[in-house]
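First comes the structure, then the notes that go with it.
Keep in mind that the numbers below use all heavy atoms, side chains included, and drop hydrogens, waters and symmetry copies.
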Amino acid sequence: MKNTILFDLDGTLLDTLTDLTASVNYALSRVGLPARSRDEVRSFLGDGYKVLMEKACGGADSADALKYFTEYYAVHLEDNTAPYPGVTDALAALAAKGRKMAVVSNKGYDAVQVLCGRFFAPHVTLYYGVSDTLKKKPAPDMLLAAMRDLHSDAEDCVMVGDGEPDIAMARAAGIDIISVTWGFRTKEQLEKAGGTVFLDKTKMLAEL
């Protein structure tokens, strides 16, 4: 049994799609580009803010759009975002069983701190986001930092995420990966990326 669980955030623990879509479209409006649908934004997610806005801009210069997105999202990241149903109870159950937990996300560091502090404390208290010192997924930096801070060896850890970067990061760090199917990617997409173990319902998290 693994005693350390490292969670992705967007699409795994939190449903952030509405606020991310609104922020993307605000930024696009500011630079005179057409809005994107929720499904389009969903397909762009997973590789951090810069790649998100590059894809949303469709080949147009994205520097200004990225600035507008970052500024807007910092203010509106909690407007509609919430844990997926059952997630909070599952984390409480895991904490009660003595599991060590952390969040590792390709979100900006500040946004990760705000959202995780609001929704997941005291059950999870270590949160890692992209910063000047921690590279984004699929680099293993955040995962290795979490393992170090939790004093956990690779064989004791499992990563839980909803995207291709989570699978690649877990492999780079030498730990097991469980993919969830309620997030931003389909099971077929995750299988294509190398996923082999899946959770289909949030209540199954409590059994880890």
Go through the side-chain N and O atoms of T18 and R38 and say whether any donor and acceptor fall under 3.5 Å apart.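 Yes, because at least one side-chain N or O of T18 sits under 3.5 Å from a partner of the opposite role on R38.
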
Could you tell me whether a side-chain N or O of [X] sits under 3.5 Å from a main-chain N or O of [Y], the two making a donor and an acceptor?
| X | Y | result |
| --- | --- | --- |
| T202 | P85 | yes |
| D79 | D19 | no |
| S62 | A65 | no |
| Q113 | Y127 | yes |

Out of curiosity, does [Y] fall in the hydrophobic cluster containing [X] (side-chain heavy atoms, cut-off under 4.5 Å, transitive links)?
| X | Y | result |
| --- | --- | --- |
| I178 | I175 | no |
| L13 | V104 | no |
| Y84 | V41 | yes |
| M204 | I177 | no |
| Y109 | Y73 | no |

Quick one: [atom1] on [X] to [atom2] on [Y], what's the gap to the nearest 0.5 Å?
| X | Y | atom1 | atom2 | value |
| --- | --- | --- | --- | --- |
| Y68 | M53 | OH | CE | 11.5 Å |
| E78 | T16 | CD | OG1 | 12.5 Å |
| R118 | L77 | CZ | CG | 9.0 Å |
| S43 | L52 | OG | CG | 9.5 Å |
| M142 | S105 | CE | OG | 6.5 Å |
| L190 | T196 | CG | OG1 | 11.0 Å |

Quick one: closest heavy-atom pair of [X] and [Y], and the distance?
| X | Y | value |
| --- | --- | --- |
| L199 | W182 | O-CZ3, 3.7 Å |
| L143 | A173 | CD2-CB, 3.6 Å |
| L208 | V160 | CD1-CG2, 3.9 Å |
| Y49 | A111 | OH-CB, 3.5 Å |
| L28 | C57 | CD2-SG, 3.9 Å |
| L9 | V103 | CB-CG1, 3.9 Å |

Residues forming a salt bridge (Lys or Arg N to Asp or Glu O under 4.0 Å) with D132, sequence neighbours excluded: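 With neighbours one apart ignored, the set is empty.
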
Counterpart residues, salt bridge (Lys or Arg N to Asp or Glu O under 4.0 Å), relative to K136 (two or more places apart):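 Partners of K136 under the salt bridge (Lys or Arg N to Asp or Glu O under 4.0 Å) test: none.
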
Inspect the surroundings of [atom1] in [X] and state if more than 12 heavy atoms from other residues, nucleotides or ligands are less than 6.0 Å away.
| X | atom1 | value |
| --- | --- | --- |
| Y26 | OH | yes |
| K50 | NZ | no |
| K135 | NZ | no |

Are D8 and M159 close enough that some pair of their side-chain heavy atoms sits under 4.5 Å apart? yes

Side chains of E40 and T21: does their closest heavy-atom pair fall under 4.5 Å? no

By side chain to side chain contact (heavy atoms under 4.5 Å, CB included), which residues pair with A102, not counting sequence neighbours? L6, L126, Y128, A146, L150

Output, in order, the C-alpha distance, side-chain angles, deciding distance and verdict of side-chain contact (heavy atoms from CB on, under 4.5 Å) for V51 and F44. CA-CA 8 Å; V51 173; F44 300 155; over 6 Å; no

Considering only residues two or more places apart or on different chains, which pairs with a residue in [range] satisfy salt bridge (Lys or Arg N to Asp or Glu O under 4.0 Å)?
| range | value |
| --- | --- |
| residues 88-110 | D10-K107 |
| residues 166-184 | K2-D176, K137-D166 |
| residues 141-165 | E164-R185 |

Derivation and outcome, side-chain contact (heavy atoms from CB on, under 4.5 Å), residues F119 and V87: CA-CA 10 Å; F119 291 115; V87 161; over 6 Å; no

